[in-house]
Amino acid sequence: DQPRAALEIIAVGLLAMLLMVVIVRAIQAPAPPPATSDSPYGGFWVRAVALVVDYIPLYVVGILLAVIGLGPITVPVLLGAGFVYFVGLWVVTGRTFGMRVLGLRVIRENGGDVTLTVATRRFVGLFLGVACLFIGVVWVAFDARKRGWADLFSGTVVVRTATH
């Protein structure tokens, strides 16, 4: 079990380093104007609901894999499916299904569209934010521009749209 323990220590160390990068980036970012009730940014609750909507199909796939006896491959399959789903939709449409239903769109901080590289970094940030007990998701509630770790890691913001 020594190799496993070493891998766990390395994984925790990498997560801690990435967390520090996100925190330092957030601290160094210029202070935005305070968010108001008419803020263009998607807030915590609407983004949380969108994320739940997006995760429902992944949960169903995970349950099906477990039921048919393929439990050991569940995590890699869900990571791969989640990557294709989130990254693909962010690049092609700027929004996932949950974001579309709730009138949200992800854009780069400079207003540009999300590229494959940006979307991949965003997915890594989302994964880390969820893996670290959802701290990176809850972060949205405390950031003036409503950015979570996924946004901080990729240089994006989630904005509300006029049409769904």
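Sequential numbering from 1 along the given sequence is applied to the chain's residues. Fair warning: this is a prediction, and the values are worked out from it, not measured in the lab.
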Arg122 and Thr156 side chains, donor-acceptor separation under 3.5 Å: yes
Arg47: partners by side-chain hydrogen bond (donor to acceptor under 3.5 Å, both in side chains), with sequence neighbours left out: Asp151
Taking distance alone, no hydrogens or angles, what donor-acceptor pairs closer than 3.5 Å link side-chain atoms of residues 126-133 to residues at least two apart or in another chain?
none

Euclidean distance, [Y] [atom2] relative to [X] [atom1], rounded to 0.5 Å:
{"X": "Trp45", "Y": "Leu102", "atom1": "CH2", "atom2": "CG", "value": "13.5 Å"}
{"X": "Met99", "Y": "Arg160", "atom1": "CE", "atom2": "CZ", "value": "13.0 Å"}
{"X": "Ser154", "Y": "Arg147", "atom1": "OG", "atom2": "CZ", "value": "10.5 Å"}

May I ask whether [X] and [Y] are part of the same hydrophobic cluster, defined by side-chain heavy atoms of I, L, V, M, F, W, Y residues being less than 4.5 angstrom apart, directly or through others?
{"X": "Leu104", "Y": "Val92", "result": "no"}
{"X": "Val52", "Y": "Phe123", "result": "no"}
{"X": "Val49", "Y": "Ile56", "result": "no"}
{"X": "Leu78", "Y": "Leu70", "result": "yes"}

Let me have the donor-acceptor pairs involving side chains of residues 57-68, under 3.5 Å, with sequence neighbours excluded, atom names and distances please.
none

Within-4.5 Å side-chain heavy-atom neighbours: Arg95 and Val106: no
Contacts of type side chain to side chain contact (heavy atoms under 4.5 Å, CB included), residue Val159, not counting sequence neighbours: Tyr41, Arg105, Ile107, Val157
Side chain to side chain contact (heavy atoms under 4.5 Å, CB included) against Val138, all qualifying residues, sequence neighbours excluded: Phe44, Phe142
Donor-acceptor contacts under 3.5 Å from residues 80-89 side chains, at least two apart:
unit_1 : atom_1 : unit_2 : atom_2 : d
Tyr85  : OH     : Asp54  : OD1    : 2.6
Tyr85  : OH     : Phe97  : N      : 3.1

Val158 and Lys146: CA distance, side-chain angles, deciding distance, side-chain contact (heavy atoms from CB on, under 4.5 Å) verdict: CA-CA 8 Å; Val158 174; Lys146 306 300 180 191; over 6 Å; no
